[in-house]
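Read the numbers this way: they start at 1 and go in the same order the structure lists the ligands and their atoms.
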Amino acid sequence: MRRRRGRGGVGVSGTGDLPALVHDLLAEAIRIYHDNPAAQAWLYRQAERFAGPLRLAVTGTPGAGKSTLVNALVGQGVALSTDGDGGHRTWYSDGAQPRAQVRPLRGAPYELALHRDDHGLRLVGVPGDVLELLVEWPSRSLRHTHLLDTPGLSASDAGWQAAGELWQEADAVLFLSRTLSAADLGRIPPVRGGWAAATAALHVVAVLSRADETAGGRVDALLAAKQIARRRRREPDLAVVCQDALAASGLIGYAARTLRQDEFDAVAELSTLPRAELEPYLLSVDRFRAAGTVVALPAERRERLLDRLGLTGIRLATTLVRSGAHDTAALAEALLRHSGLAELQTAVADLFSARRDVLKSRVALLAVEHLAHREPGPQSAYLLGQVERVVAGAHEFDELRLLAALRTRRAGLPGDLAVEARRLAGGDGPTVFERLGVPAETPPEHLWAYAGAAADRWRQEAEEAGPDSRRAAQVVLQSCESMLHQLSEGVPTA
Ligand SMILES: Nc1nc2c(ncn2[C@@H]2O[C@H](COP(=O)(O)OP(=O)(O)OP(=O)(O)O)[C@@H](O)[C@H]2O)c(=O)[nH]1
Ligand SMILES: [Mg+2]
């Protein structure tokens with residue numbers, strides 16, 4: 001295993017570089033288990049995962065719109081339908097050629113022919129004893145992030161167990177629910193005790209899905225959904241299970257990313273009717289279908305629009321065209337924004353992709369801990385101690401928690417301080433330059449002075465802060481001190 005550095009060469013940590021420490025710990029565990037080939041092979045897989053792309057699972061309640069959201073995130077119709085029960089978990093990754101592989105419960109993986117039709121990808125002849133399916137598809141979106149589409153989680157015991165196993169497979173999770181109700185959130189597998197529980201929410205974002213259907217799909221459904229998510233994100237039952245909650249319509253988001261000229265033309269055609277005249281036909285699918293010649297669109301084009309955008313989407317799209325979206329690109333851009341998908345993509349980029357190393361470190365630490373318990377040996381206690389030591393020094397986990405609290409306004413810091421805290425804790429990027437908000441060519445002595453001044457400010461802040469914001473101030477102070485430590489060790493290179 002090659003030793004790796006934090007991205008940008010200037011990852012900041014409490015006692016050192018968390019990913020580098022975790023890398024060393026994995027190598028040590030591999031050495032310790034040298035006489036146990038199965039355990040060692042498993043550890044090599046963990047090490048491979050640790051160095052690989054972010055693994056993002058899309059999971060949640062049955063029918064919550066998971067597969068549709070996978071399509072929206074990829075920007076192509078990749079979600080797989082199979083001729084069996086369809087309940088297979090499926091990984092999507094970038095590849096030169098489209099191909100599909102079956103990983104059976106027992107035995108070696110093998111390839112199956114992949115078909116594409118109007119409804120997306122189709123795999124024929126999938127047997128029952130499947131662990132998972134692996135689909136490679138040429139896509140830039142899948143280059144740095146591998147996506148996992150999962151079957152809906154049933155509330156049964158088997159469902160719980162499958163869910164628990166599945167969550168170990170991913171570095172980060174989008175948990176979809178149509179309501180964000182406490183009952184739905186209860187399906188997020190509990191993490192038992194210890195440090196893992198304290199970091200449990202770091203890799204989860206909750207999504208109020210199919211947001212265009214919120215409030216019975218009324219005109220302002222998307223707005224209502226976003227308000228519900230905004231309110232829910234501050235409530236304690238949600239804060240303990242995820243970093244943030246957002247609302248999104250995968251359906252409209254997917255349509256936005258793949259909008260065709262003929263679809264824009266159809267919406268534009270509808271928009272030529274005065275609002276008052278069109279509105280009654282958009283009250284239900286049946287009315288829209290039965291609009292006869294009032295709506296100058298042939299039945300099959302109406303069906304296509306319904307299929308692609310849903311009633312709320314059609315209503316939204318006509319409003320957007322009337323208010324200035326005059327071509328396909330403009331309408332697509334506006335739909336993307338209104339669907340909530342753009343905001344979700346930003347959240348994935350900020351909370352997951354930019355924090356890939358920390359999230360992967362968390363999963364690798366869990367893996368080593370798990371193995372030490374599962375395969376006890378003379379050195380297990382030592383390994384567990386090492387995990388504990390790395391976790392205790394990992395300021396990165398504190399930073400992630402702080403950033404989540406700042407996003408959802410739970411950190412107790414007033415506006416201007418919150419903005420600075422976010423930056424110093426790495427919310428705008430992990431390098432020293434980004435943390436200090438200075439250009440990348442800033443000379444080291446200036447970096448030192450800025451970091452020193454910030455540390456002084458936040459030391460005072462931490463001393464004077466009330467109980468609500470003290471913890472936040474302490475974490476920011478630690479971030480400043482880590483930067484000073486880093487700078488004292490040498491000049492950061494970009
Ligand atoms: N209106 C609306 N319908 C959606 C949206 N997302 C999905 N749907 C519809 O909901 C149904 C289920 O969508 P899927 O994406 O297959 O949901 P899923 O969570 O993958 O379902 P399972 O895998 O069976 O658990 C389909 O008919 C979709 O067209 C959405 O954002 N808005
Ligand atoms: Mg599905």
Side-chain angles (χ1 to χ4, degrees), residues 56-92 118-123 126 130 132-133 135 147-156 158-159 162-163 166 173-180 184 187 206-226 228-229 246-259 282 284-285 288 303-317 335-345:
L56 175 62
V58 178
T59 179
T61 52
K66 301 177 292 296
S67 303
T68 305
L69 186 66
V70 166
N71 282 341
L73 289 169
V74 177
Q76 295 187 57
V78 292
L80 202 60
S81 54
T82 56
D83 54 347
D85 58 7
H88 302 298
R89 63 187 206 210
T90 308
W91 279 104
Y92 297 93
D118 258 6
H119 300 284
L121 301 182
R122 194 166 176 75
L123 210 51
V126 179
V130 170
E132 60 188 7
L133 302 169
V135 173
L147 280 176
L148 174 63
D149 186 10
T150 62
L153 306 174
S154 82
S156 67
L166 192 141
V173 176
L174 294 176
F175 182 85
L176 270 55
S177 149
R178 297 176 69 182
T179 56
L180 293 186
D184 279 2
R187 293 178 187 228
V207 180
L208 197 169
S209 60
R210 299 175 65 164
D212 54 297
E213 294 176 319
T214 302
R218 55 172 213 231
V219 188
D220 59 348
L222 285 163
L223 222 60
K226 286 175 189 171
I228 293 172
L246 299 164
S249 163
L251 185 76
I252 298 178
Y254 175 60
R257 289 197 68 188
T258 52
L259 195 68
L282 293 177
S284 78
V285 170
F288 186 58
E303 279 309 315
R304 165 117 194 136
L305 276 191
L306 277 174
D307 201 39
R308 291 276 284 158
L309 289 163
L311 266 187
T312 312
I314 297 175
R315 227 183 270 132
L316 172 65
L335 282 174
L336 186 70
R337 209 159 14 90
H338 283 269
S339 70
L341 183 67
E343 201 186 340
L344 184 62
Q345 287 173 312

**Q** Only one of Thr61, Asp184, Thr214 passes side chain to side chain donor-acceptor pair (under 3.5 Å) with Thr179; say which it is.
**A** Asp184

**Q** Look only at interatomic distance and state if Ala211 has a nitrogen or oxygen under 3.5 Å from any nitrogen or oxygen of ligand 1.
**A** no

**Q** Quick check on contacts: which atoms of ligand 1 are under 4.0 angstrom from a heavy atom of Pro62?
**A** 25 (O)

**Q** Measure Lys66 to ligand 1 on non-hydrogen atoms and call it side chain, backbone, both or neither using the 4.0 Å cut-off.
**A** both

**Q** Do Asp149 and Thr90 have side-chain N/O donor and acceptor atoms under 3.5 Å apart?
**A** no

**Q** Verify the neighbour count for atom CD of Glu343: are there more than 12 heavy atoms of other residues, nucleotides or ligands below 6.0 Å?
**A** no

**Q** Would you say ligand 1 has an N or O under 3.5 Å from any N or O of Thr150?
**A** no

**Q** Work out which heavy atom in Leu208 is nearest to a heavy atom in Ala225; give both atom names and the distance.
**A** CD1-O, 3.7 Å

**Q** Out of Leu306, Thr68, Thr61, whose heavy atom sits nearest atom 15 (O) of ligand 1?
**A** Thr68

**Q** Can you confirm, on distance only, whether ligand 1 has an N/O atom lying under 3.5 Å from any N/O atom belonging to Gly63?
**A** yes

**Q** Looking at ligand 1, does any of its N/O atoms fall within less than 3.5 Å of an N/O of Pro151?
**A** no

**Q** Could you tell me whether some N/O pair between Ser67 and ligand 1 is separated by less than 3.5 angstrom?
**A** yes

**Q** I'd like to know if Asp212 and Arg210 make a salt bridge, using a cut-off of under 4.0 Å between side-chain N and carboxylate O.
**A** no

**Q** Which heavy atom of Leu309 sits nearest a heavy atom of Ile252, and at what distance?
**A** O-CG1, 3.8 Å

**Q** Which bit of Leu251 is near ligand 1, meaning a heavy atom under 4.0 Å away: side chain, backbone, both or neither?
**A** both

**Q** Please enumerate all residues that pass salt bridge (charged side-chain N to carboxylate O under 4.0 Å, His left out) together with Asp307, with sequence neighbours excluded.
**A** none

**Q** Out of Leu174, Val173, Val70, which one pairs with Leu56 under the side-chain contact (heavy atoms from CB on, under 4.5 Å) rule?
**A** Leu174

**Q** Would you please determine whether Gly65 falls within less than 4.0 Å of ligand 1 on a heavy-atom basis?
**A** yes

**Q** At a threshold of 2.8 Å, where the distance has to be below it, does the Mg ion (ligand 2) have an N, O or S atom of Ser67 nearby?
**A** yes

**Q** Is Arg187 close enough and on-axis enough to Phe175, meaning under 6.0 Å and within 45°, for cation-pi?
**A** no

**Q** Considering only heavy atoms of Asp212, which atoms of ligand 1 have at least one such atom less than 4.0 Å away?
**A** 1 (N), 2 (C), 30 (C), 31 (O), 32 (N)

**Q** Run the numbers for me: atoms of ligand 1, each under 4.0 Å from some heavy atom of Ala64, listed by number.
**A** 19 (O)

